[in-house]
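Notes for the one structure printed next.
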Number of protein chains: 2
Amino acid sequence: MTTPATRALPAADETARPTLAAVAARAGVSASTASLAFSGSGPVADDTRERVLAAARELNYGGPDPRARSLRTGRSGIIAVVIEDRIRDAFSDPMMVALLDGIADELGQAGYSLLLLTDSDDRPVGGLRDASMDAALLLGCSTDLDPAVAVLSQRQVPLIGVEAREREGMHRVDLDNRAGMRTGAEHLHALGHRRVGVITLPMDRAHTRGPLTAEWEAESDAYTGLERLAGVRDVYPDAPAEVAAGSLIDEGHRAALALLQRNPELTAIVAQSDLLALGAIQAADELGLTVPDDLSVLGFDGARIDGLSIHRLTTLVQPIVEKGRAAARMALAALAGEPVADVAFTSELRLGTTTAPPRADSAR
Amino acid sequence: MTTPATRALPAADETARPTLAAVAARAGVSASTASLAFSGSGPVADDTRERVLAAARELNYGGPDPRARSLRTGRSGIIAVVIEDRIRDAFSDPMMVALLDGIADELGQAGYSLLLLTDSDDRPVGGLRDASMDAALLLGCSTDLDPAVAVLSQRQVPLIGVEAREREGMHRVDLDNRAGMRTGAEHLHALGHRRVGVITLPMDRAHTRGPLTAEWEAESDAYTGLERLAGVRDVYPDAPAEVAAGSLIDEGHRAALALLQRNPELTAIVAQSDLLALGAIQAADELGLTVPDDLSVLGFDGARIDGLSIHRLTTLVQPIVEKGRAAARMALAALAGEPVADVAFTSELRLGTTTAPPRADSAR
DNA sequence: CTGAAAGCGCTTACAG
DNA sequence: CTGAAAGCGCTTACAG
């Protein structure tokens, strides 16, 4: 019989989280058996399992502590997703959201969760250097990815880069950015356009705006933007380019105004994203230019954008969700110790209503 | 002297990740000292620290294993963010992105990273039940939050709900949804509107569309939507409501058409979000109704939406980023063992150009 | 300033 | 089907 005094003791420690050992003790089994009862990965008598689960319920045990499990198994169940910008900048791009959706879907099915990390390593603790992760996916980090790659590869974390240039120790999911844009540029050329300008994605980490000079281009490490630019240059070697501060409608608007002011002779604009293209169309409207008659506009992405179905953009459609899925599967393969093959996706020209032959008299 | 044979041996195990113990051994110090050298949290001679770091470099040691650290310290450095929908649905809402931005900023500074989780617990493993986390923030989970709360509170994870109804064991960041909407409705009433309709956020987990019936409303658990509706009903008790499938322009468009078709007498529409309001304005344009002369439109959020500056929406502005920061700080306080006080934010009516007195002759 | 020891809470061979 | 033992890789009192 327990005396009142005994009863008044620690009282099963209501505050501290109960452990598997406590549950096992209460159920009258060993810790190993209790563990098996929870994981379901070993042979346990139904009766025994019931007793363990009942004990867990009584102690209000919430299941094995993932920290301990992960130390023991060597797996955390976490895959890091490294984005370049602040969260708000990254996720204001619907393509990034769609990419993440593909990743999360594939990884979620495999029992993994996503840890959101930023590659700016300006925090004293936490982040790239200290976070638990089984693998890392580097997204949209076209610029200045090296520090993140260095930290993570030193940690021996399997690395998958989505549209990043080749780097040692990193697997890649790529897109035919250059070939796609070349196809788009050829389409414009076939229509008769000879004076074409480009609105590019950011060319540096600071997201500087302005006309792209040769020096700037030479020192830029913005993989996707440079590849897409190269595709246009394959057809229009001297196409002037204006750099936007992000893939945003407002940025496309601003860049188009700047581009057309500097180069009034342009009959077509190639935007490196659909959002930029939509901004360019807005700018054309404001300038009294009819799209496509006065100005053709070509996009890239094939994004589906809420609330905007007015113009059917001529654009390069990329399989964005599939790209995310592929990146996720590569991480999973790497974790399974399987060989990982790099993947390259293809974009496809979709003709819309925003490109047409230039006016015969186009003085512009 | 090492013989060739000796040299050919396991070679410091190139494949296995080196441990702190290995680094300590190489540096000729104890594991404790090596640990101190890395964490910088104890008194270590400069000279000793150098030796440890040098040994780490030689062995290509990437720093202490976060799994082990987290078991030992009881902290994972991870805060979970639980969203209701698929990632794509959640992040297509700019308010959610801004909220997350506030959270990430505050948490990042404190050295925590965000783990993205979905409250649909249909996965066999991973997710709510197994992921490591020090605390969890529940976002936009107005409907059907109970299972997630049950799992997490059983795990004794501190819980912060953003705009969720009161629940045991959960701290809350709230917004004056009802009072805000009442203010907006009073504004419309003062302008002379007597026949006002509402476009609501989703009322169930399935995101069903359609006219909101009394039964549906009674059984709904959509906290934010119901509160905002109540605010309108405080002024217009019989206002008809159309339920949208999400906070999207296209949904506002569809809902407005349905609402106006069923209730052609309406002179104003209250939308429960700015995106819904923009869709309603699009619909009005299509129907040949001028906003605000033929139809006033009121929004909620004060969102800044890329590419859309045509209409200056009359809306209730909420401090969304601050809401995120507050939620993050509450999690931090809970982890520090400090008392956590619930917080309620206030929205403010911002007059734009989308509300005006109804036409004197308004037969509609 | 440094080291020896304990232990965080599990899971996994290994015996029986 | 069940249990005893070892150990995942750290950090943290505690001595010295």
Side-chain angles (χ1 to χ4, degrees), chain A residues 13 16-53 55-56 59-77 125 129-134 155-157, chain B residues 13 16-53 55-56 59-77 125 129-134 155-157:
Chain A
D13 222 341
R17 203 176 171 280
T19 66
L20 225 212
V23 171
R26 174 147 192 138
V29 300
S30 70
S32 2
T33 300
S35 174
L36 260 25
F38 275 100
S39 70
S41 65
V44 180
D46 288 351
D47 168 51
T48 309
R49 183 195 321 278
E50 274 318 311
R51 232 166 346 120
V52 171
L53 297 181
L59 294 177
N60 198 28
Y61 179 66
D65 186 328
R67 289 179 296 239
R69 193 218 310 268
S70 108
L71 174 58
R72 177 58 227 230
T73 63
R75 286 291 165 84
S76 65
V125 73
R129 215 170 292 280
D130 311 276
S132 271
M133 65 184 84
D134 294 336
R155 287 185 54 188
Q156 316 226 22
V157 172
Chain B
D13 221 343
R17 202 176 172 279
T19 66
L20 225 212
V23 172
R26 174 149 193 138
V29 301
S30 71
S32 1
T33 300
S35 174
L36 260 26
F38 275 101
S39 71
S41 65
V44 180
D46 288 351
D47 167 52
T48 310
R49 183 195 320 279
E50 274 318 310
R51 229 164 352 117
V52 171
L53 297 182
L59 293 177
N60 198 30
Y61 179 65
D65 186 327
R67 288 180 299 238
R69 193 216 313 266
S70 109
L71 175 57
R72 177 59 227 230
T73 63
R75 286 291 164 84
S76 65
V125 73
R129 216 170 290 279
D130 311 275
S132 272
M133 64 184 84
D134 294 337
R155 287 184 54 186
Q156 315 225 23
V157 171

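If you're wondering where the values come from, they're calculated on a predicted model, not measured in any experiment.
- When all heavy atoms of A/Asp130 and B/Pro66 are compared, the closest pair comes out as O-CB, 3.0 Å.
- Note that CG of B/Leu71 and CZ of A/Arg69 are 12.5 Å apart. Values are rounded to the nearest 0.5 Å.
- The two residues A/Leu20 and A/Ala34 have their closest heavy-atom pair at CD2-CB, 3.5 Å.
- DNA chain C is contacted by no residue of residues 44-52 of chain A, taking any non-hydrogen atom closer than 4.0 Å.
- A distance-only check finds a donor-acceptor pair linking the side chain of A/Asp134 to the backbone of A/Ser76 [under 3.5 Å].
- Here the closest heavy-atom approach between residue A/Arg155 and residue B/Gly62 is recorded as CG-O, 3.7 Å.
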- Determine, step by step, whether B/Val23 and B/Val52 satisfy the side-chain contact (heavy atoms from CB on, under 4.5 Å) criterion, reporting the C-alpha distance in whole Å, the side-chain angles of both residues, the deciding distance to 0.1 Å, and the verdict. CA-CA 7 Å; B/Val23 172; B/Val52 171; 4.1 Å; yes

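- A donor-acceptor distance shorter than 3.5 angstrom exists from the side chain of A/Arg67 to the backbone of B/Gly74, with no hydrogens or angles considered.
- Across all their heavy atoms, B/Arg51 and B/Val29 have their closest contact at NH1-CG1, 4.2 Å.
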Base-pair string, DNA chain D, Watson-Crick plus G-U, cut-off 3.5 Å on both distances, | for inter-strand, is |||.||||||||.|||

Each nucleotide of nucleotides 6-15 of chain C classed B (base within 4.0 Å of a protein heavy atom), S (only sugar-phosphate) or -, in 5' to 3' order, makes BBBBBBB---

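- Nearest heavy-atom pair across B/Gln156 and A/Pro18 is NE2-CD, 3.8 Å.
- Across all non-hydrogen atoms, the minimal contact from B/Gly63 to B/Phe38 is CA-CE2, 4.4 Å.
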